[in-house]
Each structure stands twice: as C-alpha cells, then as structure tokens.
Visitor: 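Here you go, one structure.
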Amino acid sequence: MKKVLSIPGILLLCLNASCLGASAEQASTVAYRAETPITVDGDLSEWNLSSPIEIKDASQIIRDESFWLGEGDVSCTVYLMWDEENLYFAADAKEASNFGAVGILEHNMEDNFKIYISTNPDADPERSVYETNDFLIYLMMDNQNWYTAIDRSMIERNQLGRFTSKGMEENIHVLEGYQPAYTSTEGGFLFEAAIPWANLSNDRIAQYVPSAGDTVNFNVCITDNDYPYPNTEASVQMSWCGTSKIDLDPSLWGRLSFQ
C-alpha cells in the first residue's frame with residue numbers, strides 16, 4: 001500500500017529540507033565603512049554595532065570544551081569596520097582571567113583573538129585549502145606588549161607569494177602600525193584595534209583596498225588559558241563558525257561583506 005503524506009507531513013518535510021539547506025550556508029556578517037578614522041581607545045561609541053558576531057554558545061567551542069564554565073568564563077561579541085587604510089576590530093569580551101598570554105606557551109594556546117581573512121573577493125568561497133590571499137592573524141592578549149603574529153604554515157609553498165609566517169616562534173610585533181586599546185568591564189573588557197591592510201601584502205601580493213560590495217571569507221576565534229593555574233596544557237577556544245579544522249580549511253569560515 002502506498003503511504004499518502006498529509007499536508008502537515010509535506011510541510012514538515014519541506015521545512016526540514018529548508019533547514020538542511022540553510023545549515024550548509026556560510027555564516028555572514030557586515031563590516032561598515034568608517035567615514036573618519038576610528039579613534040582606538042577602547043570606547044565603541046564611534047562604532048556601528050548593528051552586525052555583531054556572537055561567540056558565546058557551547059556549540060561554538062572547538063577545543064577543550066570540558067574546561068568551559070559558561071559565558072562568564074570566556075565569550076565575546078565582535079564588531080568590524082573598515083576604511084581604505086585599516087581593518088578595525090572590536091570585541092566585548094567576557095573572561096574569568098583576562099590577558100593570560102605570558103609568552104611561554106605556543107601562540108595557539110595563549111590568550112588571543114585569531115582573525116582569519118581573505119583579501120581576494122574573487123576567491124572561491126567553498127575552497128577547502130588556503131590560497132595566496134588567505135591569512136591567519138594572531139592578536140595576543142598579554143596587556144603589555146600586545147604582540148602579534150601571522151601564520152602561513154598551512155599554505156603550499158608555490159602559493160605563498162613569498163609571504164611566510166611571521167612571529168609564530170617569537171613574542172614580537174609583526175603588524176606594523178597596529179593599534180590596540182582596551183577598557184575594563186564587569187567580568188571582562190572592551191578591546192579595540194586598527195590593523196593596517198598593508199600588513200597583508202608584499203611585493204608579490206597586492207595590498208587589498210576594500211570596496212563597498214566586496215565579500216570575502218572570514219572567521220574569528222577567542223582563546224582563553226587560565227594560566228598560571230595547573231591546567232596550562234588546556235585552553236578553551238571558541239570560533240564564530242566551523243570546527244577545529246578551520247586552521248586548514250577556509251570553506252569552514254563565514255563570509256564578511258563590506259558596506
């Protein structure tokens with residue numbers, strides 16, 4: 001006997017198919033153009049805050065989930081703006097132990113923000129390997145030197161454009177013109193930074209100057225290590241989207257549109 005689906009049953013199947021389709025889409029956010037340069041002072045009163053990136057759900061943990069104690073332990077809301085000179089990054093972060101980077105562990109285990117970004121709007125958003133214009137930037141949270149790094153170790157040699165990793169083995173400033181600032185909040189801090197686009201270029205990779213309407217692959221993580229407590233071998237890492245494989249696969253990132 002043939003089974004006949006009722007109207008509610010058909011609607012349910014359609015809804016499920018729609019959800020499956022939606023779940024396959026990349027997350028998206030917007031960076032708004034700053035009409036005048038942002039003053040980097042840990043005050044977000046100049047910012048357009050209408051397209052937040054929320055990183056505060058257990059489903060966004062990509063490492064050491066068992067050590068996460070909830071939003072107050074580590075979480076953040078991220079905002080982005082831009083102009084022709086800088087990418088502006090801001091985060092309203094909650095952390096039980098702020099600024100835990102101490103320069104002893106590898107960068108990926110220390111307190112940090114990790115910014116994943118392409119500077120090629122024409123790149124295939126579904127590419128599963130890093131290309132020449134894909135970058136992983138480390139903004140280390142140590143409240144002293146604010147050291148930075150760029151990881152290019154995942155890119156094939158013939159795709160590097162002679163732009164190799166910088167600062168991954170040292171506690172140094174690799175982002176020229178980088179401006180960080182913060183203000184303390186109850187249970188965390190407001191962080192603000194200007195990252196000059198020129199840092200993502202060299203004599204073989206042209207400097208990216210965004211235009212309104214551009215869309216690129218993008219992602220962001222927050223990492224928290226409760227150093228100097230005994231569990232220094234573990235640090236919670238949360239990502240806007242994707243899995244622990246985002247360090248190797250840009251198709252797991254979201255999409256950033258410039259307006």
Visitor: Can a side-chain donor-acceptor contact be found between T77 and E54 if the only test is distance below 3.5 angstrom?
Guide: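 The answer is yes; a qualifying pair exists.
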
Visitor: Just by distance, with hydrogens left out, do N219 and S239 show a side-chain donor and acceptor under 3.5 Å apart?
Guide: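 Side chains of N219 and S239: pair found under 3.5 Å.
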
Visitor: Is a donor from one side chain sitting under 3.5 angstrom from an acceptor on the other, for N108 and K114?
Guide: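 Per modelled atom types, N108 and K114 side chains form a pair under 3.5 Å.
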
Visitor: Can you see which heavy atom on A193 is nearest to which on Y178, and at what distance?
Guide: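 Nearest heavy atoms, A193 then Y178: CB-CE1, 3.7 Å.
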
Visitor: If you compare all heavy atoms of M81 against all heavy atoms of E46, which two are closest, and at what distance to 0.1 Å?
Guide: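 Nearest heavy atoms, M81 then E46: SD-O, 4.4 Å.
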
Visitor: Within the structure provided, determine whether S51 and Y32 are in side-chain contact (heavy-atom separation under 4.5 Å).
Guide: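 Answer yes - side chains close enough.
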
Visitor: Would you say the side chain of E110 lies within less than 4.5 Å of the side chain of Y147, judging by non-hydrogen atoms?
Guide: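 A side-chain contact exists here, since the closest heavy-atom pair is under 4.5 Å.
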
Visitor: Within a 6.0 Å radius of atom CD on E85, are there more than 12 heavy atoms belonging to other residues, nucleotides or ligands?
Guide: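 Open: at most 12 neighbouring heavy atoms sit under 6.0 Å from CD of E85.
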
Visitor: Salt bridge check: are D134 and R127 linked by an N-O gap of less than 4.0 Å?
Guide: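 Looking at D134 and R127, the cut-off is met.
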
Visitor: How far apart are the closest heavy atoms of S75 and I222, and which atoms are they?
Guide: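 In terms of heavy atoms, the two residues are closest at O-CD1, 4.0 Å.
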
Visitor: Pair F89, F113 - check ring-ring contact (aromatic ring centres under 6.0 Å, His included), show working.
Guide: CA-CA 10 Å; F89 176 91; F113 290 107; 5.3 Å; yes

Visitor: Of the non-hydrogen atoms in Y208 and F258, which two are nearest, and what is the gap between them?
Guide: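 For Y208 and F258, the tightest heavy-atom pair comes out as OH-CE1, 3.6 Å.
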
Visitor: Does NZ or CZ of R204 lie under 6.0 Å from the centre of the six-membered ring of F163, at an angle within 45° of the ring axis?
Guide: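 Not satisfied by the 6.0 Å and 45° rule.
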
Visitor: Between T132 (side chain) and Q159 (backbone), is there a donor-acceptor pair under 3.5 Å?
Guide: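 Judged by distance alone, yes, a pair lies under 3.5 Å.
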
Visitor: Assess, by modelled atom type and distance only, whether the side chains of T215 and S257 contain a donor and an acceptor separated by less than 3.5 Å.
Guide: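 Yes, because at least one side-chain N or O of T215 sits under 3.5 Å from a partner of the opposite role on S257.
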
Visitor: Do N143 and Y182 get their side chains close enough for a donor-acceptor pair, meaning under 3.5 Å?
Guide: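 A pair is found: one side chain offers a donor N or O, the other an acceptor, under 3.5 Å apart.
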
Visitor: Any chance the rings of W146 and F99 have centres within less than 6.0 Å?
Guide: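 Yes - the distance between ring centres of W146 and F99 falls below the 6.0 Å cut-off.
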
Visitor: Provide the closest heavy-atom pair for F191 versus L139 in the form atom of the first, atom of the second, distance.
Guide: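 Looking at all heavy atoms of both residues, the closest pair is CE2-CD1, 4.2 Å.
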
Visitor: Taking atom types as modelled, is there a side-chain donor on D41 or T39 under 3.5 Å from an acceptor on the other?
Guide: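 Side-chain D/A pair, D41 to T39: absent.
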
Visitor: Checking side-chain polar atoms at under 3.5 Å, does D43 have a donor or acceptor matched by the opposite partner on S45?
Guide: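 Yes.
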
